[in-house]
Q: 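So that we are looking at the same thing, I have put the structure below in structure tokens.
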Amino acid sequence: MQTSGKSYSLTNPDPQTLQFTIQAGDRAWFDGSSVDRAEIMWAGTAGSTTTQYVPAGTPIAIDYQFAVQANGPNNTFINNAWFFVTAEMHDGGTVSGTSPPFAIQLAGDHLQLVARYVLPGGNPAQGSSDLHNLVLWTDPNPIVPGKYYDINIQANVSNSGGGYLKLAIDGQQVVNYSGPLGYGSQTYWEEGLYRNSGPTESVTASFRNLTLVTGSMASGWQGVGGTTTTTNVAPTVTLASASPGTGIEHVGDTITMTLGFSEAVTVTGTPTLSLNDGAKATYVGGSGTSTLTFKTTVASTDTNTSALAITGVNLPSGTSIRDSGGLAANLAGAVKVFSGLQISTTSTTTTATTPTAPISSTTPTTPTSSVTKPVLTIADNTLWVAGRGGTVDLGTQVSTTDSNDRVTVSITGLPKYETITDGLDGRTFRGSNITLTAAQVDSGLTLQSNYRGNAHPVATLTLTATATDPITGAVASAAPQTITVTDPRPTSWTTTSSQTMTTPASTQPRLDSGISTMTATAPQPIAATNPATTTTSAGALATRGFALLDQHMGSATSTLATTSPQAIVTDPQLATGRDTASLASQSFALLNQYMAGNTGRVDPGQIVATVSQATGTGLAAFLARPH
């Protein structure tokens with residue numbers, strides 16, 4: 001038992017049912033303050049304290065019925081949790097700090113199956129670049145409170161061959177995954193309720209008729225009260241890769257491409273892959289397995305490209321890719337861009353020359369560093385994102401002029417309630433210090449907030465781009481840059497004034513001092529000129545001055561706190577005379593007074609229209625009016 005030990009934590013309504021309830025703050029004895037939990041783990045025989053582990057590579061079959069009980073008139077039992085696990089195959093303790101190899105969880109109010117793996121020798125810790133996270137299925141329909149769902153799982157937790165994971169809901173197969181699963185270590189079953197802390201709703205769920213078998217009994221096991229499973233899930237592409245994956249390939253070079261499928265497929269005919277350099281990769285083998293291989297050779301007729309990509313799969317007449325049941329494969333996942341894999345049709349052949357006589361050997365010199373400082377571009381250094389699942393594009397790109405350098409971007413300061421997902425392979429990163437490759441950054445980074453409070457916390461993310469020379473190991477880093485993320489954005493910005501503004505009945509307007517909550521922009525210099533003109537063109541000068549004011553205010557209305565300095569437009573018209581100088585002074589004084597008292601509500605069009613009709617000292621009457 002892993003509960004808070006309350007009377008409601010774990011109950012037994014009948015001999016085949018376990019019922020779990022969690023409330024805010026319910027934690028097991030070993031938990032910190034970040035989670036709520038009420039679970040049990042599968043242990044050994046009666047009286048034994050030794051956990052019964054399932055060795056890696058062992059077939060497993062699990063069947064049980066699961067229901068979330070009704071909770072209030074609106075059934076808001078899980079909408080405020082950003083993770084909510086109900087059952088999982090947990091790692092058996094040989095690897096620490098990991099997430100489960102697979103889990104049945106709740107995404108909002110929808111059932112969901114997730115899986116994870118690392119290849120042999122990889123690091124499975126959360127946030128590791130070796131860890132692969134897969135969302136294999138999300139129920140399109142919300143869960144019905146009080147309804148029991150028959151859940152049937154068949155799996156082999158192996159990352160070195162033979163791994164698979166199948167899921168059927170009420171006898172309908174929804175997942176048929178074949179491929180690496182887990183971390184190459186033993187596992188055990190765990191069920192109950194496990195979520196992040198913060199939500200205040202109480203949740204009750206029931207598990208009944210649980211059966212778990214391993215080994216030869218696992219194949220086709222339906223469990224006690226289980227429903228016969230019908231298989232009708234089409235195979236899908238789960239992986240697209242290229243070898244080599246980076247570098248520059250020239251005319252005559254061969255590239256091997258691989259498509260991984262969710263189950264074994266059979267190929268009829270010769271399918272091809274369309275590439276963005278105008279060439280095609282032709283199928284060469286893999287029928288009867290879950291991995292198909294294609295090859296292409298760079299030709300002089302190909303188009304140079306900085307990032308080779310698969311743009312589609314071609315199935316000529318009589319060609320097909322199907323599973324053992326005859327279902328055609330879903331090939332949408334084959335489309336993939338290989339950042340860093342370049343195609344160059346420039347000839348690398350050199351004219352042969354007469355060899356020169358050998359020279360005496362010398363001690364080799366230490367290779368010099370050719371590392372180039374990368375360039376990190378951030379579109380907007382001030383962002384906001386709505387909590388409870390809101391997202392925002394970080395708008396970051398990184399580049400380098402040295403294609404041989406390995407470029408990464410580190411991000412520090414990410415709070416616990418925010419995650420970052422890349423567009424390259426859909427991986428989600430969390431933690432206060434994460435590192436991403438240039439390909440992941442350039443594919444687009446999406447920040448998601450799961451903040452549940454009522455404040456407006458501001459997270460400051462510090463991004464540093466680093467390049468490493470693969471030969472010398474020399475490192476060059478760009479200056480760190482920051483992005484502030486407000487979560488969520490305040491509903492409004494207000495402006496207050498310490499006094500009411502009036503305009504004295506004088507030809508010279510009074511400057512009232514206003515107190516505003518807006519952050520002032522940097523002052524901008526105004527070059528004074530004493531040009532030559534008539535009093536008639538003074539009105540035109542004022543019109544242009546206030547039109548420029550209108551343009552300046554319009555561009556700054558929504559970004560008063562962060563407006564960058566505006567360019568000063570010089571009026572080439574010359575003017576002289578005391579009336580002109582007075583007009584300019586009065587115009588800008590009125591501007592100052594009007595902005596201090598009426599921030600956000602100024603009607604510059606009215607002022608421009610009025611001034612444009614004034615000439616000479618006629619401005620006095622206009623300036624004397626209250627505005």
Q: Do T86 and Q105 have side-chain N/O donor and acceptor atoms under 3.5 Å apart?
A: no

Q: Can you check whether T435 reaches S129 side chain to side chain, under 4.5 Å on heavy atoms?
A: no

Q: So, N196 side chain and W82 main chain: donor-acceptor pair closer than 3.5 Å or not?
A: yes

Q: Say whether T138 and Q112, considering side chains only, have a donor N or O and an acceptor N or O under 3.5 Å apart.
A: yes

Q: Using side-chain heavy atoms (C-beta onward) and a distance below 4.5 Å, is F261 in contact with T238?
A: no

Q: Measure from the side-chain N and O atoms of R116 to the backbone N and O of P100, and report whether any donor-acceptor pair falls under 3.5 Å.
A: yes

Q: Are side-chain heavy atoms of D469 and N404 found at a separation under 4.5 Å?
A: no

Q: When you compare the side chain of V157 with that of F102, does any pair of heavy atoms fall below 4.5 Å?
A: yes

Q: Would you check, one step at a time, whether the test side-chain contact (heavy atoms from CB on, under 4.5 Å) holds for Y188 with Q186?
A: CA-CA 7 Å; Y188 64 89; Q186 58 196 15; over 6 Å; no

Q: Please report the interatomic distance CD1(I411) to CD1(I434), rounded to the nearest 0.5 Å.
A: 4.5 Å

Q: Spell out, as yes or no, whether a donor-acceptor pair under 3.5 Å connects the side chain of S320 to the backbone of R322.
A: no

Q: Donor-acceptor pair, S287 side chain versus V267 backbone, under 3.5 Å?
A: yes

Q: Output yes when a side-chain donor or acceptor of Q440 lies under 3.5 Å from a complementary backbone atom of T437, and no otherwise.
A: yes

Q: So, does D442 use its side chain to make a donor-acceptor pair with the main chain of V398 at under 3.5 Å?
A: yes

Q: What closest approach, in Å, do T464 and S477 show between heavy atoms, and which atom pair accounts for it?
A: CG2-CB, 4.3 Å

Q: Counting C-beta onward and ignoring hydrogens, is there a side-chain heavy-atom pair between P101 and Y183 closer than 4.5 Å?
A: yes

Q: Looking only at heavy atoms, which two atoms of G245 and F338 are closest? And how far apart?
A: O-CB, 4.5 Å

Q: Should T484 and L383 count as side-chain neighbours, where that means a heavy-atom distance under 4.5 Å?
A: no

Q: Please report the C-alpha distance between V114 and L134 in whole Å, then the side-chain angles of each, then the deciding distance to 0.1 Å, and finally whether the side-chain contact (heavy atoms from CB on, under 4.5 Å) criterion is met.
A: CA-CA 6 Å; V114 297; L134 308 175; over 6 Å; no

Q: Should D253 and T297 count as side-chain neighbours, where that means a heavy-atom distance under 4.5 Å?
A: no

Q: Quiz question: by atom type and distance under 3.5 Å, do the side chains of T421 and T428 form a donor-acceptor pair?
A: yes

Q: Measuring from H90:NE2 to E190:CD, what's the distance to the nearest 0.5 Å?
A: 5.5 Å

Q: What is the distance from atom CG of L436 to atom CG of D422, rounded to the nearest 0.5 Å?
A: 7.0 Å

Q: How close do L376 and A465 get, heavy atom to heavy atom, and via which atoms?
A: CB-CB, 4.0 Å

Q: Distance from N381 atom CG to Q481 atom CD, nearest 0.5 Å?
A: 6.5 Å

Q: Looking at Q154 and A218, what are the two nearest heavy atoms and their distance?
A: NE2-O, 3.6 Å

Q: Does E418 form a side-chain contact (heavy atoms from CB on, under 4.5 Å) with V485? I'd like the steps, not just the answer.
A: CA-CA 10 Å; E418 292 177 354; V485 183; 3.8 Å; yes

Q: Using 0.5 Å steps for rounding, measure from the CG atom of L315 to the OG1 atom of T270.
A: 11.0 Å

Q: Strictly distance-based, threshold 3.5 Å: is any side-chain N or O of D130 a donor or acceptor partner for the main-chain N or O of N123?
A: yes

Q: Quick check: does any side chain N or O of N159 sit under 3.5 Å from a backbone N or O of V118, one acting as donor and the other as acceptor?
A: yes

Q: Classify the side-chain pair D63/N152 by whether it contains a donor and acceptor separated by less than 3.5 Å.
A: yes

Q: What's the spacing between T291 OG1 and L239 CG if we round to 0.5 Å?
A: 7.5 Å

Q: For N314 and S274, which I'm curious about, is there any donor-acceptor pair between the side chains at under 3.5 Å?
A: yes

Q: Between D302 (side chain only) and A299 (backbone N and O only), is there a donor and an acceptor less than 3.5 Å apart?
A: yes

Q: Just checking, any donor-acceptor pair under 3.5 angstrom between side chains of N304 and T345?
A: yes

Q: Could you go step by step and tell me if F294 and L259 meet the side-chain contact (heavy atoms from CB on, under 4.5 Å) rule?
A: CA-CA 8 Å; F294 300 77; L259 296 184; 3.9 Å; yes

Q: Would you say D91 and S185 are linked by a side-chain donor-acceptor pair, where the criterion is simply a distance under 3.5 Å?
A: yes

Q: Determine whether L275 and L308 make a side-chain contact, defined as any pair of heavy atoms from C-beta on separated by less than 4.5 Å.
A: yes

Q: Ignoring hydrogens, what is the shortest heavy-atom contact between P140 and H110? Give both atom names and the distance.
A: O-CE1, 3.3 Å

Q: Please say which of S178, S262, P235, S290 ends up in a side chain to side chain contact (heavy atoms under 4.5 Å, CB included) with D323.
A: P235

Q: Closest approach of P316 and P271, non-hydrogen atoms and distance?
A: CD-CA, 4.4 Å

Q: So, does Y53 use its side chain to make a donor-acceptor pair with the main chain of A56 at under 3.5 Å?
A: no

